[in-house]
Amino acid sequence: MSKLVICEKPSVAQSVGKVLGAVKRCDGYLEGAGFIVSWCVGHLVELAQPEAYGETYAKWRLEDLPILPEKWRYQVSASTKKQFQILKELMKREDVTSIVEATDAGREGELIFRLVYHQAGCKKPFERLWISSMEDAAIREGFASLRPGTEYDALYEAALCRERADWIVGINATRLFSCKYGPTLNVGRVMTPTLAMVCGREAAIRDFQSEPFYTVQLAPEGFVANGGRMKEKTEAEKIAGECRAAGTAAVKSVERKDKAEKPPALYDLTSLQRDANRQLGFTAKQTLDYTQSLYEKKLVTYPRTDSRYLTEDMAGMLPGLVGMVQEKCGISPEAPAPVNAAQVINGKKVTDHHAIIPTKTLESADLAELPAGEKAVLGLIAVRLVCAVGNPCRYSETSVVLECAGHEFKARGKTVTDPGWKAYLPASGDEKDGDDAPPVPELSEAAVLSLAGVELKEGRTTPPKRFTEDTLLQSMETAGAEDMPGEVERRGIGTPATRAGIIEKLVQKGFVERKGEKKTKVLVPTDKGSALIAVVPEQIQSPSMTAEWEEKLLGIEKGGYAPDAFMREIEGMVTALVKTYETVKGVKMDMANGNKVIGSCPHCGADVAERAKGWFCSNRECRFVLWKDNAYFKKIGKHLTAGMAEKLVRDGRVKLKDCVSQRTGKTYNADVLLTTEEDGRAKFQMEFDNSGKNGGKKN
């Protein structure tokens with residue numbers, strides 16, 4: 001008898017198979033020692049497209065909306081049919097008595113396995129492997145404590161609701177706005193509120209009115225003191241003149257305080273992505289990909305976590321791990337780091353997975369072989385572990401108030417007395433030290449100080465800064481927080497596992513673009529993105545509503561909120577949107593979706609614009625398209641280029657030399673003429689140089 005273990009990826013299956021003794025390679029699986037270990041390839045089973053619910057949905061028409069499936073249909077993607085069939089046959093094998101679900105231990109991993117299990121019609125019992133590390137010891141421990149699959153039914157329900165809600169909102173809203181305005185306008189349950197935040201920030205920058213302000217700065221020996229901001233220059237000039245005339249300033253008060261700055265918490269995925277963006281210039285997706293690869297190489301723990309703490313049972317191993325990491329990664333190795341384990345231990349704040357930390361496998365790894373990106377991310381995680389268990393950074397802060405010519409001026413100084421955890425930061429570490437102030441010399445109250453200078457400083461108010469991926473991730477994480485009760489565990493839109501993909505999709509769909517230098521890239525909405533937000537109603541673009549939905553999904557995951565209630569809410573919102581939405585007048589859409597318009601459609605007159613696979617009519621009701629991988633042109637030995645497409649659209653014909661006859665192999669010169677069928681589809685006709693013989697050759 002055998003146990004069938006289903007992993008999410010081939011690389012994970014290799015690690016699991018090695019630990020279990022399933023090392024015999026077969027077609028699509030490994031076998032041995034009573035185990036069969038196979039794998040999915042991402043999402044093998046996906047929600048079917050609208051046309052699966054009826055041919056009428058193949059066309060995008062307002063009258064067919066909303067599309068709300070009563071019975072959901074799924075399909076196996078064409079590229080993964082072979083692996084799905086292998087899994088299906090393995091599940092049916094008579095010697096397979098039970099199954100182990102070993103996909104990634106999270107919402108999406110649960111969905112991937114369950115959809116394959118149900119699509120294959122499997123009824124055999126299954127158990128759940130739930131681990132946070134790919135180390136051999138963690139895998140063995142996980143298999144020694146497998147949990148009944150039914151314990152994760154609520155997690156599966158939450159995953160189903162997330163997937164179906166995204167489908168309902170995405171399909172209906174995308175078709176609604178695309179039909180209303182012409183170009184394809186992709187709308188998403190999380191994507192559109194994220195775009196709204198980027199557009200809102202851009203609007204705030206655009207509408208910002210910069211105003212001048214003035215301050216007077218005194219320069220006693222050894223430090224400077226500043227007066228308050230003033231709007232009027234004449235007032236500031238008057239005060240500066242009075243201070244110059246006085247020549248001295250009296251110390252009105254001196255206050256010294258000893259302070260301590262706690263170490264930062266360990267990384268969850270979002271905080272790691274933010275630091276990697278700010279310090280290394282990596283996108284959120286790059287950071288996730290690098291960390292996932294490190295996880296699969298057994299060098300760090302599970303990346304898709306929203307926790308920044310460890311569980312109580314991990315306290316004992318921390319001193320050894322911290323010492324090894326410090327030495328292996330060269331983190332100030334001359335002085336062993338202190339290990340205050342209690343600072344990072346809090347099981348109540350650990351949900352599905354604990355914080356991201358290096359593993360013991362790091363000790364025997366050859367770090368020189370790691371790709372540069374992975375090595376850089378590993379460095380961040382290693383330094384954060386050593387810092388998080390370190391001592392506080394201690395410093396004394398001095399606040400001074402001076403009086404000169406009847407006006408007050410303030411200075412602040414800071415002296416570090418014990419760097420604590422900051423001693424382990426690399427020289428280029430960016431840990432928000434921007435508020436450091438130079439020390440202030442020893443002063444006593446009522447002392448009179450000679451002024452080396454008095455300066456009038458002019459400045460201007462500055463607009464809000466554009467989002468970087470660091471700051472956008474932060475805003476996604478905290479969106480809607482002000483509208484939620486304080487005791488909720490997770491706020492924001494998206495999850496740590498999905499936020500990177502949302503940002504990438506906004507860029508790929510042409511709604512947002514990255515601008516600037518590598519490490520300082522900002523996210524700016526395109527005209528298309530701004531136009532979409534201008535026409536999308538508040539209910540679709542509201543971050544607080546989307547954050548509330550995320551909270552309800554978490555409630556479903558924990559068994560505290562009914563899946564049916566959540567889906568009824570989504571369906572009701574989409575139905576109301578379709579029935580009540582009115583077209584916004586005066587908003588100009590980017591008909592070309594950011595791509596070059598090559599002319600007017602020969603069928604309906606709308607713009608024809610280039611996209612990835614061809615030149616498409618921007619009118620959704622028209623079926624005109626010139627495919628780049630064009631069968632007609634391939635048949636005559638030609639590839640349809642942009643220049644040829646432009647001539648066909650503009651002139652209705654293009655002259656070609658050295659076309660190849662499929663029948664004889666001979667070459668000839670001819671004109672290809674473009675006309676259209678009744679529904680707009682392209683139709684080609686060939687006109688030869690000696691066209692008088694037969695009047696042309698039709699496609």
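The figures that follow rest on heavy atoms only: side chains count, while hydrogens, waters and symmetry mates do not.
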Chi angles and distances behind the side chain to side chain donor-acceptor pair (under 3.5 Å) call for Ser307, Thr305: CA-CA 6 Å; Ser307 175; Thr305 177; 5.0 Å; no

Check: Arg304/Thr495 side-chain N/O donor and acceptor closer than 3.5 Å: no

With a 4.5 Å heavy-atom cut-off, do Trp615 and Lys628 have their side chains touching? yes

How long is the gap from CE on Met567 to CG on Leu68, to the nearest 0.5 Å? 9.0 Å

Tell me, please, which residues at least two apart from Lys9 pass salt bridge (Lys or Arg N to Asp or Glu O under 4.0 Å). Glu296

Find out whether Thr287 and Asn277 are in side-chain contact, i.e. whether some heavy atom of one side chain is under 4.5 Å from a heavy atom of the other. no

Output the distance between atom CD1 (Ile99) and atom CE (Met91), rounded to the nearest 0.5 Å. 5.0 Å

Atom NZ of Lys180: over 12 foreign heavy atoms under 6.0 Å: yes

Using atom types as modelled and distance alone, determine if a side-chain donor or acceptor of Arg308 lies under 3.5 Å from a backbone N or O of Tyr267. no

Output for pair (Glu101 CD, Leu146 CG), nearest 0.5 Å, gives 11.0 Å

Taking the side chain from Ser530 and the backbone from Asp527, do they hold a donor-acceptor pair closer than 3.5 Å? no

Arg147 atom CZ: more than 12 heavy-atom contacts under 6.0 Å: no

Gly559 and Ala154 have their tightest heavy-atom pair at N-CB, 4.2 Å

Do NZ/NE/NH1/NH2 and the carboxylate oxygens of Arg274 and Glu477 come within less than 4.0 Å? no

Side-chain donor/acceptor of Tyr309 to backbone N/O of Ala265, under 3.5 Å: no

Taking side-chain contact (heavy atoms from CB on, under 4.5 Å) as the definition, give me every residue that meets it alongside Ala102, ordered by chain and number, with sequence neighbours left out. Val5, Cys7, Leu129

Could you tell me whether the side chain of Lys528 and the main chain of Lys509 form a donor-acceptor pair under 3.5 Å? yes

Residue list, side-chain contact (heavy atoms from CB on, under 4.5 Å) with Ala196, at least two apart or on another chain: Ile533, Gln541

Starting from the C-alpha separation in whole Å, work towards a yes-or-no answer on side chain to side chain donor-acceptor pair (under 3.5 Å) for Thr150 and Asp153. CA-CA 5 Å; Thr150 51; Asp153 286 350; 5.2 Å; no

Is there a donor-acceptor pair under 3.5 Å between the side chain of Tyr53 and the backbone N or O of Ala48? no

Partner set under side-chain contact (heavy atoms from CB on, under 4.5 Å) for Glu163, not counting sequence neighbours: Leu47, Tyr74, Leu111, Leu115, Leu160

Under the side-chain contact (heavy atoms from CB on, under 4.5 Å) rule, what do Trp60 and Thr174 come out as? Steps first, then yes or no, please. CA-CA 10 Å; Trp60 294 28; Thr174 296; 3.9 Å; yes

Does atom CD of Glu63 have more than 12 heavy-atom neighbours from other groups under 6.0 Å away? yes

Test of understanding: with side-chain contact (heavy atoms from CB on, under 4.5 Å), list the residues that count as partners of Lys285, not counting sequence neighbours. Thr283, Asp289, Ala500, Glu504

With Lys3 via salt bridge (Lys or Arg N to Asp or Glu O under 4.0 Å) - residues at least two apart: Glu127

Side chain to side chain donor-acceptor pair (under 3.5 Å) filter on Arg189, not counting sequence neighbours, yields Asp166, Glu550

Determine whether a donor-acceptor pair (N or O, by modelled atom type, separation under 3.5 Å) exists between the side chain of Thr546 and the backbone of Val190. no

Which atoms form the tightest heavy-atom contact between Ser132 and His353, and what is the distance? OG-ND1, 2.8 Å

Glu538 atom CD: more than 12 heavy-atom contacts under 6.0 Å: yes

Between Thr301 and Ala355, is there a donor-acceptor pair closer than 3.5 Å when you use the side chain of the first and the backbone of the second? yes

For Asp268 and Ile356, the nearest pair of non-hydrogen atoms, with its separation, is C-CD1, 3.8 Å

Can you name the residues that form a ring pair (Phe, Tyr, Trp, His ring centres under 6.0 Å) with Phe467, not counting sequence neighbours? none

What I want to find out is whether Arg384 reaches Asp275 closely enough, with some N-O distance under 4.0 Å, to be called a salt bridge. yes

Across all chains, not counting sequence neighbours, the side chain to side chain donor-acceptor pair (under 3.5 Å) partners of Arg466 are Glu202

Considering residues at least two apart in sequence or located in another chain, which fulfil the side chain to side chain donor-acceptor pair (under 3.5 Å) criterion with Ser15? none

By salt bridge (Lys or Arg N to Asp or Glu O under 4.0 Å), Asp629 pairs with (sequence neighbours left out) Lys634

CE of Met545 to CD of Gln539, rounded to nearest 0.5 Å, is 6.0 Å

If you look at every heavy atom in Trp39 and Gly28, which pair is closest and at what distance? CH2-C, 3.4 Å

Nearest heavy-atom contact between Leu87 and Cys40 is CD1-SG, 4.1 Å

Give a yes-or-no answer on whether the side chains of His354 and Thr311 include a donor-acceptor pair shorter than 3.5 Å. no

Would Met476 and Ile502 satisfy side-chain contact (heavy atoms from CB on, under 4.5 Å), going step by step from the backbone distance to the final call? CA-CA 10 Å; Met476 292 174 77; Ile502 293 298; 4.1 Å; yes

Test item: side-chain donor near acceptor, Glu108 and Thr103, under 3.5 Å: no

Keeping Ser98 on the side-chain end and Phe126 on the backbone end, is there a donor-acceptor pair under 3.5 Å? no

Quick check on the 6.0 Å ring-centre criterion: do Tyr152 and Tyr156 meet it? no

Does Lys552 have more than 12 heavy atoms from other residues, nucleotides or ligands lying within 6.0 Å of its NZ? yes

Please report the closest heavy-atom contact between Pro66 and Val574, naming both atoms and the distance. CB-CG1, 4.2 Å

Is the backbone N or O of Gly494 less than 3.5 Å from a side-chain atom of Arg499, with the two atoms forming a donor-acceptor pair by type? yes

Kindly indicate, with the supporting measurements, whether the criterion side-chain contact (heavy atoms from CB on, under 4.5 Å) is fulfilled by Leu155 and Arg107. CA-CA 6 Å; Leu155 182 65; Arg107 193 188 283 174; 4.1 Å; yes

What's the separation between atom CG in Leu4 and atom OH in Tyr29, rounded to the nearest 0.5 Å? 10.5 Å

Please report the interatomic distance OG(Ser475) to CD1(Ile493), rounded to the nearest 0.5 Å. 9.0 Å

Phe177: which residues meet the ring pair (Phe, Tyr, Trp, His ring centres under 6.0 Å) condition with it, sequence neighbours left out? Tyr581

